[in-house]
Amino acid sequence: MAVQPWFTDAKLGIFIHWGIYAVDGVQESWSFYDDIVPYDQYMSQFDRFTASRYDPRDWAKLFARAGARYAVLTSRHHDGVALWDTAHGDLNVGRDLIAGYADALREQGLKVGLYYSHSDWSHPDYASTRKPGRPPELEDNRYSEVAAEFEDLAAWERFLAYRDGQIRELVSRYRPDLLWFDGEWDRSEEQWRIPELAALIRSEVPDVVFNARMLSEGDYATPEQGAPVIPPEGPWELCLTINDSWGHQHHDHNHKSVDQLIRYFTETIGGGGNLLLSVGPREDGTIPAEQAERLEGLGAWIAKHAEAVYGTVRGLPPGHHYGPSTLSKDRRTLYLTLFDAPRAEINVRGLLSKVRGVSVLGSGTELPHRVTGGLHETPGILWIEPPAAADLDPYATVLAVELEGELELYRGAGRF
């Protein structure tokens with residue numbers, strides 16, 4: 001997958017799940033799809049969605065303080081409700097909530113991302129076909145598919161025309177830097193006409209970035225909620241909620257701590273990925289204080305350790321260091337993350353490169369180091385004196401290991 005350089009350099013994005021579902025605090029779209037909330041009750045939130053305190057500049061300033069370099073807003077979820085005054089389809093909030101968001105992000109130097117669901121479980125022409133190869137014993141969901149004998153291909157063509165109309169509006173009005181698609185599982189790539197959709201978008205924004213849910217046209221992998229144990233090979237992004245919910249749910253107070261978010265973040269960038277961290281604004285457009293506080297905390301840590309974050313590449317493979325690491329683009333500085341206060345020397349294994357110096361990022365304190373052991377092609381172990389208590393970060397301490405040349409690692413099994 002090829003991807004724009006800004007994306008892999010960004011490291012942190014903010015995912016904004018905002019829609020009518022925030023009124024009653026129900027799960028976005030799935031709550032009616034899975035018959036948890038009746039469809040009419042779900043749609044009754046429409047008239048109570050006010051956006052009365054929505055200030056996109058406040059959002060953008062908060063995201064910038066968090067250390068984010070881009071954000072992604074749900075322009076239309078699977079429920080079909082558009083956050084702009086679209087001329088296509090009957091469900092939209094009657095005003096444009098996206099233009100101010102895009103302008104505010106750009107004022108802060110952030111890239112503009114828009115989420116758009118391929119699926120629309122409210123559109124009258126959507127449930128007109130089904131994904132090829134679906135086992136007949138699987139029960140049809142009335143919002144997404146019909147039995148094979150009731151397929152209406154003319155209706156499906158009407159749906160694609162509606163979708164293309166909305167996409168034209170989004171790319172021509174807001175010229176997003178990134179389009180984050182979802183809902184691709186409902187149909188095949190051929191049914192979605194993915195290459196044609198990509199060509200339509202690129203005719204307006206040639207350098208746009210697509211996530212993997214644009215299937216063959218995707219630029220990067222998109223693991224969701226579960227941090228990968230083995231990171232994807234190419235560019236990737238972990239999308240993660242701050243609590244347990246994507247959108248605002250009044251009852252969900254199970255927020256991850258700043259410490260946990262820093263661990264997610266450092267492990268993600270250490271594996272070469274970005275963290276796309278989701279916030280769920282209330283229906284009035286305000287971001288809950290618990291979530292804002294965590295963004296501020298994460299941002300303070302990133303600001304202190306920016307050198308080990310932005311513009312770096314994935315660090316050491318597992319087994320070389322007990323914790324995440326990143327590597328400068330010139331491959332001459334290795335950044336080691338320590339989550340806990342070390343009780344003894346820190347060691348790095350398999351390092352063939354000679355070390356010029358080791359320092360604590362943020363304070364600049366130099367740390368003594370030495371190498372012991374090694375035989376033939378197998379290098380010895382680098383031992384680094386632990387930082388003093390005054391040099392330790394309360395969340396995660398980063399050591400900068402300056403190398404005499406580019407990083408070289410020994411990955412063998414030693415002499416038998």
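Atom set for the values below is all heavy atoms of this structure, side chains included, hydrogens, waters and symmetry mates excluded.
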- Message: Is it true that, when you exclude Arg53 itself, more than 12 heavy atoms of the residues, nucleotides or ligands shown sit nearer than 6.0 Å to its CZ?
- Response: no

- Query: Quick one: CD on Glu217 to CG on Leu179, what's the gap to the nearest 0.5 Å?
  - Reply: 12.5 Å

- If you measure only the distance, is there a donor-acceptor pair under 3.5 Å linking the side chains of Ser117 and Asp182? no

- Message: Is there a side-chain contact between Asn274 and Trp236 in this structure, where contact means two heavy atoms from C-beta onward sitting under 4.5 Å apart?
- Response: no

- Evaluate the criterion side-chain contact (heavy atoms from CB on, under 4.5 Å) for residue pair Val81 and Arg76; output intermediate values, then yes/no. CA-CA 6 Å; Val81 179; Arg76 180 179 69 64; 5.9 Å; no

- What is the distance from atom CD1 of Ile201 to atom CZ of Arg175, rounded to the nearest 0.5 Å? 12.5 Å

- Task: Could you tell me whether the side chains of Glu189 and Ser216 share a donor-acceptor contact shorter than 3.5 Å?
- Result: yes

- Query: Around atom CG of Asp330, are there more than 12 heavy atoms of other residues, nucleotides or ligands at under 6.0 Å?
  - Reply: yes

- Before giving the answer on side-chain contact (heavy atoms from CB on, under 4.5 Å), spell out for Leu407 and Leu316 the whole-Å C-alpha distance, their side-chain angles and the decisive distance to 0.1 Å. CA-CA 10 Å; Leu407 175 70; Leu316 298 170; 4.2 Å; yes

- Task: Could you tell me how the ring of Phe265 sits relative to the ring of Trp301: parallel (under 30°), tilted (30 to 60°) or perpendicular (over 60°)?
- Result: perpendicular

- Item | Polar side chain donor-acceptor pair, Tyr335 to Glu307, under 3.5 angstrom | yes

- Message: Around atom OH of Tyr322, are there more than 12 heavy atoms from other residues, nucleotides or ligands closer than 6.0 Å?
- Response: no

- Message: Whether the Thr86 and Glu169 side chains hold a donor-acceptor pair (N or O, under 3.5 Å, no angle test) is what I'd like checked.
- Response: yes

- Message: The test is side chain to side chain donor-acceptor pair (under 3.5 Å); show your working for Tyr21 and Asp79 and say whether it passes.
- Response: CA-CA 9 Å; Tyr21 39 83; Asp79 59 10; over 6 Å; no

- Message: I need the single residue from Leu382, Leu334, Leu336 that forms a side-chain contact (heavy atoms from CB on, under 4.5 Å) with His321. Which is it?
- Response: Leu336

- Query: Does the pair Gln27 and Ser245 meet the rule for a side chain to side chain donor-acceptor pair (under 3.5 Å), with working shown?
  - Reply: CA-CA 8 Å; Gln27 188 179 12; Ser245 310; over 6 Å; no

- Message: Does anything in residues 162-217 form a ring-ring contact (aromatic ring centres under 6.0 Å, His included)? List the pairs, not counting sequence neighbours.
- Response: Phe15-Trp180, Trp30-Trp185, His78-Trp185, Tyr115-Trp180, His118-Phe181, His118-Trp192, His123-Tyr162, Trp156-Trp192, Phe159-Tyr162

- Message: Is any side-chain heavy atom of Val360 closer than 4.5 Å to one of Thr397?
- Response: yes

- Please find out if less than 6.0 Å separates the ring center of Tyr143 from that of Tyr126. no

- When you check the side-chain N and O atoms of Thr50 and Asp284, is any donor under 3.5 Å from an acceptor? no

- Query: Any side-chain donor paired with an acceptor under 3.5 Å for Asn254 and Asp244?
  - Reply: yes

- Consider only side-chain N and O atoms of Gln166 and Tyr116, and report whether a donor and an acceptor are under 3.5 Å apart. yes

- Is it true that Arg173 and Glu204 make a salt bridge, defined as a side-chain N closer than 4.0 Å to a carboxylate O? no

- Message: Going by the rule salt bridge (Lys or Arg N to Asp or Glu O under 4.0 Å), which residues pair with Glu402 if we only count those two or more places apart in sequence or in a different chain?
- Response: Arg356

- Task: Please list, chain by chain and in numerical order, all residues satisfying salt bridge (Lys or Arg N to Asp or Glu O under 4.0 Å) with Asp259, sequence neighbours excluded.
- Result: Arg263

- Message: For Lys131, is the NZ atom crowded, meaning more than 12 foreign heavy atoms sit under 6.0 Å from it?
- Response: yes

- Sorted by chain and number, sequence neighbours left out, salt bridge (Lys or Arg N to Asp or Glu O under 4.0 Å) with Asp35 holds for Arg142

- Message: Quick test of your reading of the model: are Arg48 and Asp24 salt-bridged, counting only N-O distances below 4.0 Å?
- Response: yes

- Message: Go through it in stages, so that I can follow the logic: the residues are Ser128 and Glu151, the test is side chain to side chain donor-acceptor pair (under 3.5 Å), and I'd like the CA-CA distance, side-chain angles, deciding distance and then a yes or no.
- Response: CA-CA 5 Å; Ser128 57; Glu151 285 191 303; over 6 Å; no

- Item | Between Glu366 and Ser359: side-chain donor-acceptor atoms closer than 3.5 Å | no

- Test log, rule side chain to side chain donor-acceptor pair (under 3.5 Å), inputs Arg332 and Ser328: CA-CA 6 Å; Arg332 290 173 175 268; Ser328 61; over 6 Å; no

- Distance (rounded to the nearest 0.5 Å) between Leu12 CG and Thr268 OG1: 10.0 Å

- Name the orientation class of the two ring planes belonging to His250 and His248 (parallel below 30°, tilted from 30 to 60°, perpendicular beyond 60°). perpendicular

- Query: Looking at residues at least two apart in the chain, or sitting in another chain, which of them share a side chain to side chain contact (heavy atoms under 4.5 Å, CB included) with Ala154?
  - Reply: Asp152, Arg158

- Does any donor atom in the side chain of Ser278 or His17 lie under 3.5 Å from an acceptor atom in the other side chain? yes

- salt bridge (Lys or Arg N to Asp or Glu O under 4.0 Å) filter on Glu296, not counting sequence neighbours, yields Arg65

- Message: Is the terminal nitrogen or CZ of Arg57 (NZ for Lys, CZ for Arg) located under 6.0 angstrom from the six-membered ring centre of Tyr101 and within 45° of that ring's axis?
- Response: no

- Message: Taking the ring of Tyr39 and the ring of Trp121, is the distance between their centroids below 6.0 Å?
- Response: no

- Asp55 with Lys61: basic N within carboxylate O range, under 4.0 Å: no

- Message: Under a plain distance cut-off of 3.5 Å, with no hydrogens placed, do Glu406 and Ser353 share a side-chain donor-acceptor pair?
- Response: no

- Query: Can you tell me if CD on Glu404 sees more than 12 non-hydrogen neighbours from other groups inside 6.0 Å?
  - Reply: yes

- Please tell me if the side chains of Val371 and Ile381 come closer than 4.5 Å, counting only heavy atoms from C-beta onward. no

